[in-house]
Amino acid sequence: AAFLFSLESQTTIGYGYRYISEECPAAILLLVVQLILTTLLEVFITGTFLAKVARPKKRAEGVRFSRHAVVSPRLGCLALQVRVANVRRSLLLGCQVSGKLLRAGLAQDGVSMQLQQADVIFRLDGGTDSPFLVLPLTFHHPIDQDSPLAAVALGQGRAGDGVRVPDDAFELVVILSGTVESTSALCQARTSYLPEEIMWGYEFCPVVSLSPSGKYLADFASFDRMLRVPGME
């Protein structure tokens with residue numbers, strides 16, 4: 001009888017002839033405590049279930065970055081370019097790409113070493129900073145005088161074989177943030193590029209084309225392919 005009364009209270013299906021009256025205040029207190037505890041338990045179980053279903057880490061595996069970053073002229077100045085794609089059917093909304101340039105340097109005391117971090121701002125042509133990741137997109141960072149890569153570009157852009165930027169010891173971390181359409185959960189994916197993975201004097205091959213029926217097509221077989229830029233050998 002006690003279990004049945006507890007079940008009826010939690011599911012609010014009604015008591016029938018049994019009900020709590022003011023003659024038994026202890027039962028009223030017990031009912032209130034039970035409702036609070038069972039409500040918290042339901043919230044915890046539901047939240048755990050949704051967290052397992054959403055699996056933002058698993059969703060991040062559906063984001064693909066280009067194997068190399070490339071540096072080539074763009075809109076009148078050199079630009080570092082990174083290609084990103086979503087390989088799953090579910091959309092990623094409000095995508096933003098940011099970067100951090102990590103390198104070792106001396107602290108202010110001039111003796112100890114510290115990890116220096118500089119922001120690398122990526123842009124996207126098309127009039128929006130938060131695009132839908134429907135087709136492969138190429139984000140670019142202009143290497144101007146305010147860029148943290150300016151020193152690297154001046155040191156290596158004119159020297160060497162026009163292929164790589166191996167001068168300084170640094171690592172470029174690229175982070176993509178977006179919202180999963182189905183669950184509205186925040187998804188983050190990241191990759192990094194070492195100096196030997198930044199290809200100087202190259203640009204990405206086109207991967208998006210238009211079919212005769214008017215549909216956009218993405219050729220993922222050419223996702224990592226690059227072309228040498230004439231005049232930058």
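Both backbone and side-chain heavy atoms feed into the values below; hydrogens, waters and symmetry mates do not.
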Minimum side-chain heavy-atom gap [X]-[Y] below 4.5 Å:
| X | Y | result |
| --- | --- | --- |
| Ile198 | Val70 | no |
| Phe170 | Pro195 | yes |
| Pro131 | Leu124 | yes |

When Ile, Leu, Val, Met, Phe, Trp and Tyr are grouped by side-chain heavy atoms lying under 4.5 Å apart, directly or through other members, which residues fall in the same group as Leu115? Leu102, Val173, Ile175
Please walk me through it: do Gln188 and Ser177 pass side-chain hydrogen bond (donor to acceptor under 3.5 Å, both in side chains)? CA-CA 5 Å; Gln188 288 187 334; Ser177 302; 3.3 Å; yes
List for me each residue that meets side-chain hydrogen bond (donor to acceptor under 3.5 Å, both in side chains) alongside Ser192, sequence neighbours excluded, and say none if there are none. Glu171
Derivation and outcome, side chain to side chain contact (heavy atoms under 4.5 Å, CB included), residues Val174 and Phe65: CA-CA 9 Å; Val174 180; Phe65 292 91; 4.1 Å; yes
Please identify each residue that fulfils salt bridge (charged side-chain N to carboxylate O under 4.0 Å, His left out) with Asp119, with sequence neighbours left out. Lys100
Got a sec, which residues hit salt bridge (charged side-chain N to carboxylate O under 4.0 Å, His left out) with Arg74, two or more places apart in sequence or on another chain? Asp125
Is there a path of hydrophobic side-chain contacts, each under 4.5 Å between heavy atoms, that joins Val134 and Val207? yes
Hey, quick one: are Phe122 and Leu75 part of the same hydrophobic cluster, counting side-chain heavy atoms closer than 4.5 Å, chains of contacts allowed? no
Step by step, work out the side chain to side chain contact (heavy atoms under 4.5 Å, CB included) result for Leu210 and Leu217. CA-CA 6 Å; Leu210 193 63; Leu217 301 176; over 6 Å; no
Set of side-chain contact (heavy atoms from CB on, under 4.5 Å) partners for Ser147, sequence neighbours left out: His141, Ile143, Asp144, Leu149
With sequence neighbours excluded, tell me which residues meet side-chain contact (heavy atoms from CB on, under 4.5 Å) with Phe220. Arg64, Ala85, Val87, Pro136, Ala218, Phe223
If you count heavy atoms of other groups shown closer than 6.0 angstrom to CG of Leu41, is the number above 12? yes
Is it true that a side-chain atom of Glu197 and a backbone atom of Leu194 form a donor plus acceptor pair closer than 3.5 Å? yes
Ignoring hydrogens and geometry, is there a side-chain-to-backbone donor-acceptor pair from Asn86 to Val63 under 3.5 Å? no
Under the criterion side chain to side chain contact (heavy atoms under 4.5 Å, CB included), I'd like the reasoning laid out for Phe139 against Leu137: C-alpha separation, chi angles, the key distance, then a yes or no. CA-CA 6 Å; Phe139 292 84; Leu137 299 176; 4.0 Å; yes
Passes side chain to side chain contact (heavy atoms under 4.5 Å, CB included), Gln81 versus Phe204? Steps please. CA-CA 8 Å; Gln81 303 174 48; Phe204 290 116; 4.1 Å; yes
